[in-house]
There are 2 protein chains.
Amino acid sequence: MNNHHRQQLEARARVLKAMAHPTRLFIIEELEKEERSVNDLTAMVGADVSTVSKHLAQLKQAGLVRDDKRGNQVFYRLAVPCILNFFGCVEAVLTEQLQQQSAAATLRVRP
Amino acid sequence: MNNHHRQQLEARARVLKAMAHPTRLFIIEELEKEERSVNDLTAMVGADVSTVSKHLAQLKQAGLVRDDKRGNQVFYRLAVPCILNFFGCVEAVLTEQLQQQSAAATLRVRP
DNA sequence: TGGCTATTTGGCTAAGCTGCCAAATAGATT
DNA sequence: AATCTATTTGGCAGCTTAGCCAAATAGCCA
């Protein structure tokens, strides 16, 4: 594993880490639909404004969202449109897990 | 955000979190090529065996890899083949970041 | 200006993660 | 059985994260 490769892996890990939180995934989902102000998102998430603001800062730092200040408010939108596709594989993983679990349950019931 | 939705987001976040570490990404990359024993991976990663073993346990817990004990050794392989595609979007994010950075650098040089 | 709303930042605590060493476990070999 | 190799587990120190409250900042409106 050379230096360049390591840096590449670290960069990828940073992006994944920024996405790896339920609230931030929710925000990403919402921003897929349309841009939103911090206030909007705060109401939808149901946490303290400061918490949501910090989540948004993390997403921005990772390059996943952009912000746009208009008047009083700051609107956030996705920086990268392809995040939707991103979940095809995650879903596959989750489906696999369900199948595994139900298979295991069946084995326990009928050993 | 109803209960089912929240659980779905948490499940997705767990998978992403399992991937969000440079060493674990490296392991995933290696396992894309072929199955590997813990010893193999430890040599490639260059950390303590116990550390690598714990990374593997995390990947397994998330449903990303499967293990297979043969004789003395435990071989790990990917549970889900589609992880390769998973990175198209991450790469797009990273490319965006580079473009942003070089654009900003240009602005600083020629304001 | 003063007050109002929207957002960010600082500070704190509780909880979680990472990596190492040491010890335990499991299989193979002599 | 004794020993060797491969792997996992327990435990700890150091570091990071999440969430809240309080305070600071920024723009709007009377």
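Small disclaimer: the values here were computed from a predicted structure and weren't measured. Every chain is numbered from 1, with letters handed out A, B, ... down the list of sequences.
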- [ ] Give the B/S/- string for nucleotides 7-17 of chain C, one per nucleotide from 5' to 3', where a protein heavy atom under 4.0 Å of the base yields B, of only the sugar-phosphate yields S, and otherwise -.
- [x] SBBBB-----S

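Spacing between atom CZ of R14(A) and atom C1' of dT17(D) amounts to 17 Å, rounded to whole angstrom units. Straight-line distance from the CG atom of L25(B) to the P atom of dT18(C): 12 Å, rounded to whole Å. The separation between I27(B) atom CD1 and dG19(C) atom P is 10 Å, rounded to whole Å. Here dG19(C) presents its C1' atom at 17 Å from CG of L41(B), a figure rounded to the nearest Å. Residue R70(B) contributes atom CZ, which lies 17 Å from atom C1' of dA26(C) at whole-angstrom precision. L59(A) places its CG atom 14 Å from the P atom of dT17(D), with the value rounded to the nearest Å.
Side-chain contact of D48(A) with S50(A): a donor-acceptor pair under 3.5 Å is present, judged by distance alone.
Within the structure, every pair that satisfies the side chain to side chain donor-acceptor pair (under 3.5 Å) test and touches residues 19-28 of chain B, not counting sequence neighbours, is listed here: R24(B)-H55(B), R24(B)-Q58(B).
For dG19(C), the OP1/OP2 oxygens have a side-chain nitrogen or oxygen of H55(B) closer than 4.0 Å.
A salt bridge links R70(B) with D68(B): the distance from a Lys NZ or Arg NE/NH1/NH2 to an Asp or Glu carboxylate oxygen falls below 4.0 Å.
If you chain together hydrophobic residues whose side chains sit under 4.5 Å apart, V49(A) and F75(A) never meet in one group.
Interatomic distance, CD1 of I27(B) versus CZ of R36(B), reported as 12.0 Å (0.5 Å rounding).
No side-chain heavy atom of V74(A) sits under 4.5 Å from any side-chain heavy atom of L56(A).
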